[in-house]
Amino acid sequence: MPELPEVETVARGLSKVWEGRRFASVVCHRAGLRIPFPADMARRLTGRRVDSVGRRAKYLVTRLDGGLVMLGHLGMSGRMVISGLRNTPPGRHDHVEFITEDGVLVTLTDPRRFGLLTLCDAAEMDSHPLLKDMGPEPLEPGFDAGVLAAALMGKATPIKSALLDQTLVAGLGNIYVCEALFRAGISPQREAGSLKLGEIAPLVTAIKNVLQDAIAAGGSSLKDHVRPDGELGYFQHEFKVYGRAGQRCPDCPGAPRCPGIQRIVQAGRSTFYCAERQM
DNA sequence: AGGGAGTCCTGCAGGC
DNA sequence: TGCCTGCAGGACTCCC
């Protein structure tokens, strides 16, 4: 699914066609996704002007006039597709359609329906149940080694699992955690609380760099992520370890001994790493 | 309290 | 070709 870079890419794409425009029509083709839509969601959105489209963690944050906020999450397979108006009926997985006053159609498509869409008041957004426990934004300057060290302190869980915990750091998912740990040379199996400040600092740098690189590439297109304009992201070509089990480890210092990229399962999720390079 | 397993849902790839 | 199994970018709930 969309992790932080993919959601950022989607937010930027939507901002181009939504900001400053009003929703002429919003149509829901089902009652909800992972959670039910607010009962009168379509009606409450219709006629509103979009002030901004942004992102908090993996949530799309659409601010509308009158202090209304639409929170969206794309789950594992959600997409926001921009197109012109069409006469064909919506597809099986086209759940919500937004039409702006200038005739641009945005379709929320989500085959697995793990995503969500809901509304809240701008003033209550930070205390919203979905966001209130959210950790710091990794690309903000305030996210540094001291902050991450404090979050990891005393944690017995593997660092891989800790970084997936949205309350510790917001927005990281399976791909970018694997890639960041590889860049930092840290084993995913290390106990989170055992990391020294001298290891956490390069980890923070690796997290920021991998996310920035991915955003610059338009995110990663695996099965589902496409930019709203239909273009593919291409950061998947930059993966060093994710999905590369059995392949040679790139730039491995122990190259002659290196057995290659390994796949293990941690907390039910695939982890890809190089045992020679990551310690 | 904290962490891991099971769960939601559909699509796709690979093996037989 | 077709069926079956396993796996997938997330995150919540339950249970230990």
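A, B, ... follow the sequence lines: proteins, then strands. Residue 1 opens every chain. As the structure is a computational prediction, the values presented were derived from the model and not from experiment. Keep in mind that the numbers below use all heavy atoms, side chains included, and drop hydrogens, waters and symmetry copies.
- Using a 4.0 Å cut-off between charged side-chain N and carboxylate O, A:R190 and A:E199 make a salt bridge.
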List the protein contact pattern of nucleotides 2-12 of chain B with one symbol per nucleotide (5' to 3'): B for base contact, S for sugar-phosphate-only contact, - for none; contact means a heavy-atom distance under 4.0 Å. -SSS--BBBS-
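- A:Q189 and A:Y273 share a side-chain donor-acceptor pair at under 3.5 Å.
- Taking atom CG on A:L164 and atom P on C:dA11, their separation rounds to 9 Å, with Å as the unit.
- Both cation-pi conditions hold for A:R277 and A:F182: the charged atom is under 6.0 angstrom from the six-membered ring centre and inside a 45 degree cone around its axis.
- Here A:R21 pairs with A:D102 in a salt bridge; the nearest charged N to carboxylate O distance falls below 4.0 Å.
- Separating the CZ atom of A:F239 from the P atom of C:dA8 is a distance of 13 Å, rounded to the nearest angstrom.
- Note on A:Y176: nothing from the nucleic acid sits closer than 4.0 angstrom, heavy atoms only.
- Side-chain nitrogen and oxygen atoms of A:H73 include none within less than 4.0 Å of the OP1 or OP2 phosphate oxygen of C:dG10.
- Looking at heavy atoms from C-beta onward, A:V106 lies out of side-chain contact with A:V81 at the 4.5 angstrom threshold.
- Note on A:E101 versus A:R49: no salt bridge recorded, every NZ/NE/NH1/NH2 to OD/OE distance being 4.0 Å or above.
- Rounded to whole angstrom, the span from the OH atom of A:Y242 across to the C1' atom of C:dG10 amounts to 12 Å.
- A donor-acceptor pair under 3.5 Å is absent between the side-chain atoms of A:S161 and the main chain of A:T157, judged by distance alone.
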Run the numbers on A:V241 and A:Q247 for side chain to side chain contact (heavy atoms under 4.5 Å, CB included), then give the verdict. CA-CA 9 Å; A:V241 289; A:Q247 298 183 29; over 6 Å; no
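- Between the side chain of A:R86 and the main chain of A:T88, a donor-acceptor pair closer than 3.5 Å is present.
- Rounded to whole angstrom, the span from the CG atom of A:D133 across to the P atom of C:dG10 amounts to 19 Å.
- For the P atoms, the distance linking C:dC7 with B:dA5 amounts to 14 Å, nearest Å.
- A stem is defined here as three or more consecutive Watson-Crick or G-U pairs, each with both distances under 3.5 Å; for DNA chain C these stems are B:2-8 with C:10-16, B:10-16 with C:2-8.
- Taking atom C1' in both B:dG11 and C:dC12, one finds a spacing of 22 Å when rounded to whole Å.
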